[in-house]
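Quick note: numbers below take in every heavy atom, side chains included, and nothing from hydrogens, waters or symmetry partners. Keep in mind it's a predicted model, so treat the numbers as computed, not measured.
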Amino acid sequence: MLRRERGREDIHESDAAYMLKSYNAYKEIAEKFHWKVIDCSAGNFAKSAIDIHEEIFGLVETMLIYNVF
C-alpha cells in the first residue's frame, strides 16, 4: 500500500538514509546482472500504476518478440 493511501510513512520510508542505501544496493545488483530498470517516478512524482504497467509490458513484449533476454 502506498504511503499516501495509508496517510503515514512506514518504518523504512521514514529513514531517508536507509532508503538511499537500499536504492543504491539494488541499482548495483541490476547493473551487475544487466537487468532492465523501470523508473517509477517522473521528476518528483510517482508514475501511476498504469504507466508503470505499460512500461513493463512493453519491455517484456519486446523481449519476447525479439527473443532478447
Return a table of donor-acceptor pairs under 3.5 angstrom between the side chains of residues 62-69 and protein atoms on other chains or two or more places apart.
unit_1: Thr62; atom_1: OG1; unit_2: Gly58; atom_2: O; d: 2.9

Decide whether Ile52 and Val60 are clustered together by the hydrophobic rule: side chain heavy atoms of Ile, Leu, Val, Met, Phe, Trp, Tyr closer than 4.5 Å, transitively.
-> yes
Path from Phe33 to Tyr26 over hydrophobic side-chain contacts below 4.5 Å | yes
Using a cut-off of 6.0 Å, state whether more than 12 heavy atoms not belonging to Leu20 lie near its atom CG.
-> yes
Hey, could you give me each pair passing side chain to side chain donor-acceptor pair (under 3.5 Å) that has a residue in residues 27-40? Not counting sequence neighbours.
-> Asp39-Ser41
Inter- and intrachain pairs under salt bridge (charged side-chain N to carboxylate O under 4.0 Å, His left out), touching residues 53-69, at least two apart | Lys47-Glu55
